[in-house]
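To start, the structure under review is shown below, and the notes come after it.
All ligand and atom numbering here is 1-based and tracks the order in the structure. No experiment lies behind these values; they were computed from the predicted model shown.
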Amino acid sequence: MLTTMSIKNAYLLSVLDDLKKKSAHEPEFLQAVEEVLESLEPVVAADPRYEQQNIIGRIVEPERVVMFRVPWVDDSGKVQVNRGFRVQFNSAIGPYKGGLRFHPTVNLSVIKFLGFEQVFKNSLTTLPMGGGKGGSDFDPKGKSDGEVMRFCQSFMTELQRHIGPDTDVPAGDIGVGAREIGFLFGQYKRIRDEFTGVLTGKGLTYGGSLARTEATGFGLCYFADACLRDNGQSFQGKKVVISGSGNVAIYANQKVNQLGAKVIAMSDSNGYIVDENGIDYKILKEIKEVKRARIKTYLDYVPSAKYVEGCSGIWTVPCDIALPCATQNEINGESAKALIANGCKGVFEGANMPSTPEAISAYLEAGIFFGPAKAANAGGVATSGLEMSQNSERLSWTFEEVDAKLKGIMEGIYAACAAAAEKFGMKGNLQAGANIAGFLKVADAMLWQGIC
Ligand code: NDP
Ligand code: 2IT
């Protein structure tokens with residue numbers, strides 16, 4: 001699956017070869033690492049300290065990995081057991097920060113790839129946050145609220161000893177939203193007897209930040225808009241396809257509309273809907289956040305829309321802009337080519353690593369805009385950082401204040417990626433720019449802090 005072997009630097013190659021031996025059974029993690037190391041060739045060549053201090057060898061190794069048993073009792077009285085994870089990847093620039101994912105596909109490779117990406121993403125936000133990620137192979141789908149609560153309580157009973165507001169601050173991701181964060185927070189508070197900002201994405205009545213729910217989707221559009229405007233274009237009148245229909249997808253849809261474009265297709269893991277009149281995000285909020293139902297239900301609200309079984313076909317719907325907001329490797333080389341052939345002018349990633357290496361090669365070859373995940377979806381964690389600030393000062397800011405800060409951060413990230421790409425001779429390549437700009441701050445902090 002790792003086909004883009006273009007690294008030539010001997011030091012980078014030796015780190016990657018070593019990692020491939022040690023992590024042979026972690027394909028997603030190796031994919032994420034290889035993608036970053038490729039971009040770092042000119043950086044490592046320009047500064048011998050990275051090799052002398054073995055910064056690359058250290059940055060690809062998590063500082064700590066915690067795996068644990070999560071036993072819980074289902075509604076029929078049966079004892080279930082799941083596997084829990086927290087990967088504390090890098091704390092050079094701040095406490096570990098990153099979401100929790102509850103999905104049956106979660107394993108160590110998935111959590112390590114997400115934790116690795118988070119290190120560079122958090123650095124790009126300019127806020128003092130290290131990188132981490134966690135989760136479980138628990139599937140919240142089809143579970144009662146009571147089952148989800150008992151699972152979350154058991155999960156936190158172990159996790160609480162490894163986290164804290166100045167140590168490691170988890171948040172949501174796939175399968176972890178407001179409901180799960182509430183249960184997790186309640187159990188942490190009960191065991192530790194402290195009310196602190198140990199989690200972000202909290203409810204508004206107990207320390208959550210306004211605009212955190214919207215932040216990843218809004219931030220994605222602010223990033224894409226900055227890129228389009230920098231190239232003399234805009235969202236106005238564009239047709240947009242968004243995969244997924246969860247937290248990121250719903251609020252990306254809302255912001256796309258505010259920016260004058262319309263979303264004509266969205267999906268879940270069962271299939272996708274097409275509505276050429278534009279999909280109303282308020283209907284999706286009702287279907288997904290209130291009813292927890294399938295996207296097919298959209299036809300009950302808008303009978304003229306079309307539903308197609310199977311989610312990967314969504315990339316054959318002709319569009320100007322594609323916003324993958326579901327999961328890793330959801331756009332392969334073939335899907336990328338279909339998008340491009342149908343006139344797509346830009347792909348901006350709301351999900352983490354949604355494009356395979358073959359898909360990324362196709363974007364770069366076609367010269368379309370490509371906003372990589374660690375830059376384009378950083379608005380969620382950036383706003384988590386703003387939630388931490390509000391918790392620390394025991395104040396809460398207005399929606400407008402947080403949203404304005406988010407927009408400024410996303411525009412700053414775009415500018416930083418564009419500048420880094422240009423500085424290292426890859427003008428316009430935001431993928432390389434994001435990896436380089438994210439790396440430099442963390443690597444510099446590591447150099448200052450000695451061998452640790
Ligand atoms: P949600 O759980 O709210 O929604 C996930 C959506 O993606 C659902 O529509 C789900 O469909 C679909 N999906 C999940 N897994 C698969 C799969 N294997 N195949 C097809 N569809 C799938 O999660 P989020 O919206 O929070 O997260 C979406 C993506 O954005 C993830 O990659 C996440 O890592 C990333 N992200 C999230 C951030 C956040 O703040 N929440 C921040 C930055 C990135 P179904 O309901 O059928 O499972
Ligand atoms: O992938 C991500 O950046 C997230 N799931 C959000 C993490 C966070 O700490 O808000």
Can you find a non-hydrogen atom of [X] under 4.0 Å from ligand 1?
X      : value
Thr105 : no
Ser245 : yes
Arg294 : yes

Where on [X] is there a heavy atom closer than 4.0 Å to ligand 1, on the side chain, on the backbone, on both, or on neither?
X      : answer
Thr216 : side chain
Ala373 : neither
Arg212 : side chain
Glu330 : neither

Task: Pairing residues for Ser39 by the side chain to side chain donor-acceptor pair (under 3.5 Å) criterion, not counting sequence neighbours - done: Asn435
Open item on the list: List ligand 1 atoms under 4.0 Å from His103, heavy atoms only on the residue side.
Closed with: 15 (N)
TODO: Note the single closest protein heavy atom to atom 9 (O) of ligand 2, along with its residue, its atom name and the distance in Å.
DONE: Lys97 NZ, 2.7 Å
Open item on the list: Quick test: of every protein heavy atom, which one is nearest to atom 3 (O) of ligand 2, and how far off is it to 0.1 Å?
Closed with: Lys121 NZ, 2.8 Å
Open item on the list: Can you check which of Met129, Met388, Arg212, Arg101 brings a heavy atom nearest to atom 6 (C) of ligand 2?
Closed with: Arg212
- [ ] Under 4.0 Å from a heavy atom of Ser384: give me the atoms of ligand 2 that qualify, with their elements.
- [x] 8 (C), 9 (O), 10 (O)
Task: Atom indices of ligand 2, in the order listed, that fall short of 4.0 Å to a heavy atom of Lys133 - done: 1 (O), 2 (C), 4 (C), 5 (N)
